[in-house]
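Take a look at the structure below.
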Number of protein chains: 2
Amino acid sequence: MTVSVVLNGAHSATRVSEATRTRIVEAAARLRYRPNAAARGLQRRRMDTLGVVAAIDGGVPNLYFLGILNGILEAASARGQNTTIFSVSHHWAADEKKILSFCDGRVDGMILIAPVLSASFVEQLALHMTYVTVQANEPPKGIVNLNVDDEGGAYLAVRHLIEHGHRRIVFFSGPAEFAGVRERIAGYRRALREAAIPVEEAWIVPGGYHLASGRERMAHLLDTTGPSELPTAIFCGNDAVAMGCLEAMAERNLRVPEDFSIIGFDDTLDACLTSPRLTTVAQPLRTLGARAVERVLALIDQEAAGDHEEGEAGESPAEVAADVLSVQLVVRGSVGPPPARFSVIK
Amino acid sequence: MTVSVVLNGAHSATRVSEATRTRIVEAAARLRYRPNAAARGLQRRRMDTLGVVAAIDGGVPNLYFLGILNGILEAASARGQNTTIFSVSHHWAADEKKILSFCDGRVDGMILIAPVLSASFVEQLALHMTYVTVQANEPPKGIVNLNVDDEGGAYLAVRHLIEHGHRRIVFFSGPAEFAGVRERIAGYRRALREAAIPVEEAWIVPGGYHLASGRERMAHLLDTTGPSELPTAIFCGNDAVAMGCLEAMAERNLRVPEDFSIIGFDDTLDACLTSPRLTTVAQPLRTLGARAVERVLALIDQEAAGDHEEGEAGESPAEVAADVLSVQLVVRGSVGPPPARFSVIK
DNA sequence: CTGAAAGCGCTAACAG
DNA sequence: CTGTTAGCGCTTTCAG
């Protein structure tokens, strides 16, 4: 009907007389007319909705997720898109079917946050849904994966320590299967190598990315190492681990940064709540989310266009934003010079 | 077609022969058939999706929201519902139009989290959408509003302080227009009254619910009050404010709980990250979210049923779960006896 | 400039 | 037991 035309804003060539226009608008108001999203979606083959798939619920508030989500929400809303959240367990493999079941046209595209992907799943999902990943463990070939510069961040952190005179630096790393863990180790190695400090393999300590793990590793280190063998600084794989370290030290009346320097990773907001406030490497979480939105939307549009005119492909592959975002060192109060108990080796 | 019947699980009386059933299932698999949510929604008048409206983005990660969201996500998913998030600015009034525009059938119901509602908006929204609120500033008549026992929580907190021997207790309260602020003040008064401690009106200090406000209020208190006039304990309107207090004190080398006892409210997870860990009043955030889901869903079902058979109304108003959830005191390390500098007044 | 007609993918009622 | 029919509310040609 004419109604559709006027209610959706003038449709190009078709102009409507002012008389009927107001008549329609009034009627709509009187009838409390609301357009129906389902019907519109059915017709337009577009729901204007993005799906976010993430393992939100780690028992612990997932600040990391919240940061990205804020970026997504903001960007999506700015482009008139809704956002629906699919929360999965941390066992991605167990929830693959569930995710697939969301491929029923209720969202136009998906953003998978820090997914643990299997090759077969990637393939299946691609069949039914256009999607991008953020910090996937194994960036699947052919899928857009947004990432941060883990290697560079770790390098920055460790170099910061070295510049303060530290040479005995332990790295409390993360679970091997997680995204970015390998890269952070590489950055740690590079910084040491550059300073001609030999890498002590035993000082790269793997463990979980949670507070308890940080506390345990620190406690273990403190309890089993002779005073002269202790490191002077700890580079922690994330902020939670760093906070665990802080706790373990507090329990033993050790001070930061006087007795040990501590540096974290992520800059989730709890980093400024510790005492002393944590020096850490900030990830651009919001930007990550916003960028993810841009990228899926681009894919969706491209696909929609492709349906109509198969040509015009590869129109601007040069314009795509980089998929690796840079990180930033945030200097706060948890790093100082090495304690006097060690002579600073020149 | 028969297809619909078999793909949706046996439809009561209509049984399908095993032969055609497998034929259909196979064909579906071969064709990579996916049902279409929009079409189904259009027909069933039900999207199986809930909307969550909240002001998520306070610049600061909103742990409060995240807690509720987790509860919602879990409960919704358990009942086969999706969740889409509508993020609004903190100026609810400015976003009323936006919220209304989401009433287009894409969600079957809404949960408004800590909304600031105007009477006219409540009315309008009710016209187009079934919804419940969580901790609305002014629980609108006739709308389900979930709440926690703010009064009781404050009472618990202050009594805890009193039991430790404190009698000089300042309350760093919240913004007057926020939900629960009045109630917490009432709880504070009740606890004091019960202990026959006169209420010093100047000790109920209003202010924002953020860290900086806590720091400022504490600094101001410390800087403008003679030592003999100082309180021995601070009851903070939320955890962020408590953390601000902690910071202000740390800056002056004051210790907790030796010099002052501090108690918070919310138990957002950062409460255990402070040093000492914060004694606080825990809100059942997850439960709040889960309960909200139950309630909207019940309303939606009821409404859907009402369309068919107008009767049978008021079938079980007694069964509805209470709308006020109880809170719990979480004792950690930030409360101790009053400092020796004050004699404990009997 | 306006309205009639077709159809998006699905479900529900009803004949074969 | 199976297939046909008629919309759900909207958009989009395409004739009046």
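Note on naming: letters A, B, ... go to the chains in the order of the sequence lines (proteins, then strands), and numbering restarts at 1 for each one. Below, all heavy atoms of this structure are taken into account, side chains as well, without hydrogens, waters or symmetry copies. In this text, all values refer to a predicted model and were calculated from it rather than measured experimentally.
In terms of position along DNA chain D, the nucleotide closest to B/Arg44 lies nearer the 5' end than the nucleotide closest to the other residue of the pair B/Arg44 and A/Arg44.
Separating the CG atom of B/Asp48 from the P atom of C/dC10 is a distance of 15 Å, rounded to the nearest angstrom. Nucleotide C/dC10 holds its P atom 13 Å from the CE atom of B/Met47, rounded to whole Å. Rounded to whole Å, atom P of C/dC10 lies 12 Å from atom CG of B/Leu42. Taking atom CG of B/Asn36 as the reference point, atom P of D/dC8 lies 18 Å away to the nearest angstrom.
B/Arg46 comes within 4.0 angstrom of nothing in the nucleic acid, heavy atoms only.
Considering only residues two or more places apart in sequence or on other chains, A/Phe121 meets the ring pair (Phe, Tyr, Trp, His ring centres under 6.0 Å) condition with none of them. Judged as a side chain to side chain donor-acceptor pair (under 3.5 Å), and not counting sequence neighbours, the contacts of A/Arg44 are A/Asp48. For the side chain to side chain donor-acceptor pair (under 3.5 Å) test, residues two or more places apart in sequence or in another chain that qualify with B/Arg46 are B/Asp301. Shown here are the side chain to side chain donor-acceptor pair (under 3.5 Å) partners of A/Glu96, two or more places apart in sequence or in another chain: A/Ser118. Remark: B/Phe86 engages B/Phe102 in a ring pair (Phe, Tyr, Trp, His ring centres under 6.0 Å) (not counting sequence neighbours).
With respect to A/Arg295 and A/Asp323, a salt bridge is recorded, a charged nitrogen being found less than 4.0 Å from a carboxylate O.
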- prompt: What pattern of brackets, bars and dots sums up DNA chain D from 5' to 3', given Watson-Crick or G-U wobble pairs under 3.5 Å, [ ] for crossing pairs and | for another strand?
  reply: |.||.|||||||||||
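If you check C/dG9, D/dC10, C/dC10 against the side chain of B/Arg40, the one that comes closest is C/dC10. When distances are taken from the side chain of B/Arg45 to each of D/dC10, D/dC8, C/dG9, the shortest belongs to D/dC8.
Separating the P atom of D/dT5 from that of C/dA6 is a span of 15 Å, rounded to the nearest Å.
If you check distances only, the side chain of B/Gln43 never reaches the base of C/dG9 with a donor-acceptor pair under 3.5 Å.
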